[in-house]
Each structure stands twice: as C-alpha cells, then as structure tokens.
**Q** 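Here you go, one structure.
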Amino acid sequence: MRKDSKMNIFEKLEPRKVFEYFSLLSSVPHGSGNTKFISDICQSFAEELGLTCLRDSLNNVIIFKKASPGYEDCEPVILQGHLDMVCAKDEDCKIDMEKEGLDLRCDGQWIWAEGTSLGGDNAIAVAVIMAILADNGLPHPPIEAVFTVDEETGMDGAKGLDTSCLKGRRLINLDSEEEGIFTAGCAGGARVNCSLPVRCENAGDARFFSVTIDGLLGGHSGVEIDKCRASANRLMGRMLFDIGEQIELRLCSLEGGTLDNVIPKNAVATVAVAKEDCEKFIGLTEKYDAIYKNEFATSDSGICVKAEPAEHCDAAVTAADTKRLLSCLIMLPYHVQEMSADIKGLVQTSLNMGVLKLYSDRLTFSFAVRSSVTSQKEELIRRVRATVEFCGGEVSVHGDYPAWQYAKVSPLRDTVLDSYKRLTGNEGKVVAIHAGLECGLFIEKLPGLDCISFGPDLRDVHSTRERLSVSSTARMYDLVCEILRSMK
C-alpha cells in the first residue's frame, strides 16, 4: 500500500494506524460520485491482509474478517461508514477536488484541510474500521465491514447495495459527530429538483450591477438547520423581489450554493436596471445590507450585501419573467417547518435550497427535504411542487430515503452504553437527529436489524471550517474495540 508523503504529520498521533489510514484515504479525491480511487484503496487494503472483499459496480465495498479465537460462536457485527465526502472549498483555493487529494493540517488537537472541507464525515469511520480489521490481536466476533458510496447525495450506495451476503443483525454506524452522543433514530429525506423556464431579450442600454451576498457561516442543512443561519439563496430572492417592486430590474445571472445538503453561504446576481434608477438601486441594496446585519447579528454576524457596477451583458431575462422567478423564490418555504412535540429541541421537518443557478433558458434550484414524519415530508414536497408548477415550472424528486424510527428495545444499544460507561464513567446520551443516516435503509433491507450510530467530535462539517478532534477520535476507537470485546 502506498504511503502518502504527508503521513508524517500524524506520526506522533495515537492510535497511529487510524490516522495513517485517514491520511491515506484523504490523499485521493472522494467527493460524492467520484469514489473509484478511495474504493480502490479499500479493496487493495483487504487484498493485502488476505481478507475476503466484495466490490460492486457502484464502488460499494464489503470486507469480511473471521472471528478471533474464542469468539467463533458469536453473531457477526456490521461496522459501517461511507466513502464519499462533501466537497467544499474557499474561493481562492487552488485544489481541484475532482482530481486531487486534501491538504491536511494538524496542531496536535485538531485535524483540518487547508482551503477545503476535511471529509472527516465520513472517512474517519472508514479509517477506524480499517485499523480494527488490521489488528490481529483484538478480540472480536465475525466482522462485516460495509463501506458505502454517495451517502451525501441521496444514499444511493446503500440503496443499491446487495445485502444478501450480510449475516449480521447488529449494525454500528460510525457517521455521527459528537462524542458521548448515541444516535438511535433519524429523519428521512429526499432531493427535490426544480426548473423554471425563462425568456431572454436584448439588454439594450441598461446599466448593470453585480450583487453579492456573502460572509455567511453556511453549514450542514440537517444538524445545523436550527441555528438560525442565513441562506444566501433565500436572502437574494427576498431582496431582489423587494427591489423589483420599486424599480424595474431584469436578471442577467443568478447563482448560489454548492450542494443540496449545505446551507448556502454566498450568492451572486447580475441585474440590469434603467440609467435613471441606478442611484435608487444602490440605496436599496445598502438598505438590505443594514436589514440583514440586524436580523442575523447573532447567528451570522459576518453577512455582507454589496452592489458594484458590472460589465455590459448582451442578454437579460425579460422583466415579466424576472418578476415571475423572484415571486417563486419568495413564495417557496425554507428552513425549519415543524419542531418535534415529543423530543424537546429536535427539528421534525425542514428543507434547504442548496443550489440555485440561472441558465439562458431556465432557472434551476434544488432542495434537501427532511422529516422524521413521512407524511410531513410528503406534504412539504407537495408544497414545493405546487409553488413551482403554479409559476410555470417543473419538479422532480429523487434520492428518497426512509426515516429510522427509534426502537424502545435495543440489546445493541445497551451493550454500547454499558461499554461507554465502563470506559469513561459517564452515561451516554441517546438521541434522534434531524439528519439522514443509512441505518434506515439497512433496516429495510435486513429485517430484525439492531442499529446504533456514534462518532468522534467533528465541527462544522460540510464546510471549509470542518475539523476533527484527535483525542475524541482515539476515544471513539477505544470504544469500538471495547464493544467488540464485550460481544463474546
């Protein structure tokens, strides 16, 4: 197995194998839909250890390891994580995340990637499982290690995985992000793609302005949707709609967000306005800069609205279509829709417009819709569909995945919590989350499956501020090892 030249930054970290594997996985591109190279690494790893390995056409990988002596009669356990990551990067970052690995950094306490997201969600799970598979001195039952792809874009890997080879009915998912928190239920979700047709015309002798909303924090559209963070897409639509009520403007370009499941932290538009309205236009954008700074002073204090003269555009969306598009954007629902009446503080239903882009013939945008109540998820999708179709557009739904309902009785959960208390002296906290996990899909495929999810401390996932705690990762690894020992 190739050793990456940057592995030396982890040489003093423990458990060493975990961080060496994490560095190796990070050395190749592995965004959603681009998982061949990381799957190659997993397959080569298994072959070098002489372990049985299955790889399907989607690049899902399953590795089997026989029980250690004394554990031969134990039921198998499934250890599971996903191979793909959300690729986010700073505007000035030179890394091509389609072709290059990450520039990892570490200060001894935290690991991050310079200029990009880290992909600790979920490469750290894969690294921990690889270290366990490579340890021939660790007592454990039969292990079925399942590495899925494209979790971040609709869980397509888990959906397409043939699970007939899996004998285990206990699954430990390592795709959670807060130490001591044990997830036993999650929201279901879907991706909703929307398209509105537009007509363009000659821009004439109008004046042009580039309008930017940036400086936002962004973040995970599930676990951070309740933090009142601003959506640049929503705010751009709101501002331009209001300005269009006071002066005539036409859209020339509009773009915001990077991924469906990331709260968009910037958006930019180019608009055409009449010469006599230029001064008023600038004044209205300055007004909204003040409005947004006031509204988001606590949750997004860095927000900034800026309008600057732009180069001439040959074409602009007609005034009527501009009004229709902006009317649709302001009518659409955003963010938290319902809070759980059963679990205090848990978001029950939400949606996030992650990607927005204007083309010469259409405006496209996509939502990540989530709910732990299937009927509310379906209602929210109908609301989006009704709004878009009323405005003359089309809607398609894909990537639908089920919720994972909390089980009142779970022997695996009891085992995990007992192991955690033995190691730390603390009681673990059991929660349900407003984010998607693959456990719901595995439960559908494997009747009687008992699941739990946990992980190390990860901060600001799906953003360029993402970082992974070194000490928490070590404790997570120790916990998985203790759980396996206790399964005799």
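Here the structure is a predicted model, which means the values were calculated and not measured.
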**Q** Does Arg362 make a cation-pi contact with Tyr359 (under 6.0 Å, within 45 degrees of the axis)?
**A**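 The answer is yes; both the distance and angle limits are met.
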**Q** Identify the heavy atoms of Gly436 and Glu151 that sit nearest to each other, and give their distance.
**A**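 It is O-OE2, 3.5 Å.
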**Q** Under a plain distance cut-off of 3.5 Å, with no hydrogens placed, do Ser350 and His434 share a side-chain donor-acceptor pair?
**A**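 Side-chain D/A pair, His434 to Ser350: present.
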**Q** Taking 4.0 angstrom as the limit, do Arg459 and Glu177 come out as a salt bridge?
**A**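 Judged by the 4.0 Å cut-off on N to carboxylate O distance, Arg459 and Glu177 do not form a salt bridge.
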**Q** Within the distance-only criterion (no hydrogens, no angle test), does the side chain of Ser371 pair as donor or acceptor with the backbone N or O of Gln348 below 3.5 angstrom?
**A**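 Here the side-chain-to-backbone pair exists.
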**Q** Are the charged groups of Lys227 and Glu224 less than 4.0 angstrom apart, N to O?
**A**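 Between Glu224 and Lys227 there is a salt bridge, with a charged N closer than 4.0 Å to a carboxylate O.
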**Q** Quick check: does any side chain N or O of Asp400 sit under 3.5 Å from a backbone N or O of Ala190, one acting as donor and the other as acceptor?
**A**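 No, Asp400 side chain to Ala190 backbone: no donor-acceptor pair under 3.5 Å.
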**Q** Is any side-chain N of the basic residue among Glu91 and Lys265 closer than 4.0 Å to the acidic one's carboxylate O?
**A**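 Here Glu91 does not pair with Lys265 in a salt bridge, since their nearest N and O are not under 4.0 Å apart.
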**Q** Examine the side chains of Asn352 and His335 and answer whether a donor and an acceptor come within less than 3.5 Å of each other.
**A**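 No, no side-chain donor-acceptor pair sits under 3.5 Å.
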**Q** Are any of the side-chain heavy atoms of Val470 and Phe19 separated by less than 4.5 Å?
**A**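 Contact flag for Val470/Phe19 side chains = yes.
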**Q** Using atom types as modelled and distance alone, determine if a side-chain donor or acceptor of Ser372 lies under 3.5 Å from a backbone N or O of Ala187.
**A**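 Not at all, since once roles are kept as given, no pair shorter than 3.5 Å links the two residues.
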**Q** Quick check: Tyr420 with Phe182 (ring centres under 6.0 Å apart)?
**A**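 Yes.
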**Q** With the side chain counted from C-beta on, respond yes when Pro402 and Glu444 share a heavy-atom pair under 4.5 Å apart, and no when they do not.
**A**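 Side chain of Pro402 against side chain of Glu444, heavy atoms only: contact under 4.5 Å found.
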**Q** Test salt bridge (charged side-chain N to carboxylate O under 4.0 Å, His left out) on Arg199 and Asp361; report intermediate values, then the result.
**A** CA-CA 6 Å; Arg199 294 165 297 173; Asp361 61 345; over 6 Å; no
**Q** Are Lys275 and Asp205 close enough for a salt bridge, meaning some N to O gap below 4.0 Å?
**A**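 So Lys275 does not pair with Asp205 through a salt bridge.
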**Q** Side chains of Tyr334 and Asn233: any donor to acceptor distance under 3.5 Å?
**A**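 On atom types as modelled, these side chains do not qualify, holding no pair under 3.5 Å.
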**Q** Indicate yes or no: at least one non-hydrogen side-chain atom of Cys252 is less than 4.5 angstrom from one of Val317.
**A**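 When only atoms from C-beta onward are counted, Val317 and Cys252 do not touch, as no gap falls below 4.5 Å.
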**Q** Do Val262 and Ser463 come close enough that some side-chain heavy atom pair is under 4.5 Å?
**A**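 Counting from C-beta outward, Val262 and Ser463 never come under 4.5 Å.
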**Q** Do Thr270 and Ser253 have side-chain N/O donor and acceptor atoms under 3.5 Å apart?
**A**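 Yes - a donor-acceptor pair under 3.5 Å links their side chains.
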**Q** Is it true that, when you exclude Glu276 itself, more than 12 heavy atoms of the residues, nucleotides or ligands shown sit nearer than 6.0 Å to its CD?
**A**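 Yes.
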**Q** Would you say the ring centers of Phe147 and His82 fall short of 6.0 Å from each other?
**A**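 No; His82 has its ring centre 6.0 Å or more from that of Phe147.
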**Q** Does Arg105 make a cation-pi contact with Trp112 (under 6.0 Å, within 45 degrees of the axis)?
**A**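 No; the conditions do not both hold, so Arg105 does not lie above the ring face of Trp112.
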**Q** Look only at the side chain of Thr322 and the backbone of Leu251, and say whether a donor-acceptor pair between them is shorter than 3.5 Å.
**A**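 Yes, the answer is positive, given that a donor and an acceptor are paired below the 3.5 Å cut-off.
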**Q** Looking at every non-hydrogen atom in both residues, tell me the closest pair between Leu380 and Pro333 and how far apart they are.
**A**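 Closest pair (atom of Leu380, atom of Pro333, distance): CD1-CG, 4.0 Å.
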**Q** Considering all heavy atoms of both residues, which atom of Ser299 and which atom of Leu217 are nearest to each other, and what is their separation?
**A**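 Answer, listing the atom of Ser299 first, then Leu217: O-CD1, 3.4 Å.
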**Q** Using only atom types and a distance under 3.5 Å, with no angle test, would you say the side chain of Asp289 pairs donor to acceptor with the backbone of Val305?
**A**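 Such a contact is found between Asp289 side chain and Val305 backbone.
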**Q** Please lay out, stage by stage, how Phe209 and Ile282 fare under the test side-chain contact (heavy atoms from CB on, under 4.5 Å).
**A** CA-CA 9 Å; Phe209 291 90; Ile282 292 294; 3.6 Å; yes
**Q** Looking at every heavy atom in both Pro197 and Leu325, which two are closest together, and how far apart are they?
**A**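 Answer, listing the atom of Pro197 first, then Leu325: O-CD2, 4.4 Å.
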**Q** Please answer whether the main-chain N or O of Val397 pairs with a side-chain N or O of Arg191 as donor and acceptor at a distance below 3.5 Å.
**A**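 Flag not set: sc Arg191 to bb Val397 has no pair under 3.5 Å.
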**Q** So, for Leu249 and Val273, which heavy atoms are closest and what is the spacing to 0.1 Å?
**A**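 Looking at all heavy atoms of both residues, the shortest contact is CB-CG1, 3.9 Å.
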**Q** Would you tell me whether Thr464 and Asp90 have side-chain atoms, one donor and one acceptor, within less than 3.5 Å of each other?
**A**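 Result is yes, a qualifying pair exists.
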**Q** Does atom CD of Glu100 have more than 12 heavy-atom neighbours from other groups under 6.0 Å away?
**A**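 Correct, the count exceeds 12.
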**Q** Measure the spacing between CZ of Arg55 and CG of Asn60 and express it to the nearest 0.5 Å.
**A**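 Going from the CZ atom of Arg55 to the CG atom of Asn60 covers 10.0 Å.
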**Q** Does the side chain of Ser366 pick up a donor-acceptor pair with the side chain of Asp260 at under 3.5 Å?
**A**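 Side-chain D/A pair, Ser366 to Asp260: present.
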**Q** Using a strict cut-off of less than 4.0 Å between a Lys/Arg side-chain nitrogen and an Asp/Glu carboxylate oxygen, indicate whether Lys323 and Glu245 qualify as a salt bridge.
**A**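 Salt bridge: yes.
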**Q** Taking atom types as modelled and ignoring hydrogens, do the side chains of Ser469 and Gln109 form a donor-acceptor contact shorter than 3.5 angstrom?
**A**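 Side chains of Ser469 and Gln109: no pair found under 3.5 Å.
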**Q** Distance only, no hydrogens: is a donor on one side chain within 3.5 Å (strictly under) of an acceptor on the other, for Ser195 and Glu394?
**A**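 No, no side-chain donor-acceptor contact under 3.5 Å.
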**Q** Verify ring-ring contact (aromatic ring centres under 6.0 Å, His included) between Phe208 and His312, making sure each step is shown before the conclusion.
**A** CA-CA 6 Å; Phe208 302 89; His312 183 274; 4.9 Å; yes
**Q** Glu466 side chain to Gly120 main-chain N or O, any donor-acceptor pair under 3.5 Å?
**A**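 Yes.
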**Q** Pick from Val347, Ile225, Asn261: which one makes a side chain to side chain contact (heavy atoms under 4.5 Å, CB included) with Arg370?
**A**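 Of all the options given, the one that passes is Asn261.
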**Q** Would you indicate whether the side-chain heavy atoms of Ser26 and Leu24 approach each other to under 4.5 Å?
**A**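 Counting from C-beta outward, Leu24 and Ser26 never come under 4.5 Å.
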**Q** Would you name the heavy atoms of Leu216 and Pro264 that are closest together and state the gap between them?
**A**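 Heavy atoms of Leu216 and Pro264 come nearest at CD2-O, 3.9 Å.
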**Q** Flag yes if more than 12 heavy atoms outside Lys293 fall under 6.0 Å of its NZ atom; otherwise flag no.
**A**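 Yes, the 6.0 Å shell around NZ holds more than 12 heavy atoms from other groups.
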**Q** Salt-bridge test for Lys36 and Asp40: reply yes if a basic N is under 4.0 Å from a carboxylate O, no otherwise.
**A**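 Answer for the salt bridge query: yes.
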**Q** Could you tell me if the side chain of Cys194 sits less than 4.5 Å from the side chain of Val192, heavy atoms only?
**A**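 Yes, their side chains come closer than 4.5 Å.
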**Q** Measuring only between side-chain heavy atoms, which start at C-beta, is Ser176 closer than 4.5 Å to Ile181?
**A**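 No, their side chains stay 4.5 Å or more apart.
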**Q** Looking at Asp457 and Arg475, is any side-chain nitrogen of the basic one under 4.0 Å from a carboxylate oxygen of the acidic one?
**A**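 Looking at Arg475 and Asp457, the cut-off is not met.
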**Q** Distance only, no hydrogens: is a donor on one side chain within 3.5 Å (strictly under) of an acceptor on the other, for His462 and Glu152?
**A**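 On atom types as modelled, these side chains qualify, holding a pair under 3.5 Å.
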**Q** Under 3.5 Å, is there a donor on one side chain and an acceptor on the other for Glu338 and Gln376?
**A**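 On atom types as modelled, these side chains do not qualify, holding no pair under 3.5 Å.
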**Q** Using a strict threshold of under 4.0 Å (side-chain N to carboxylate O), is an ion pair present between Arg229 and Asp300?
**A**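 Salt bridge: no.
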**Q** So does Asp277 pair up with Arg207, basic N to acidic O under 4.0 Å?
**A**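 Salt bridge absent between Asp277 and Arg207.
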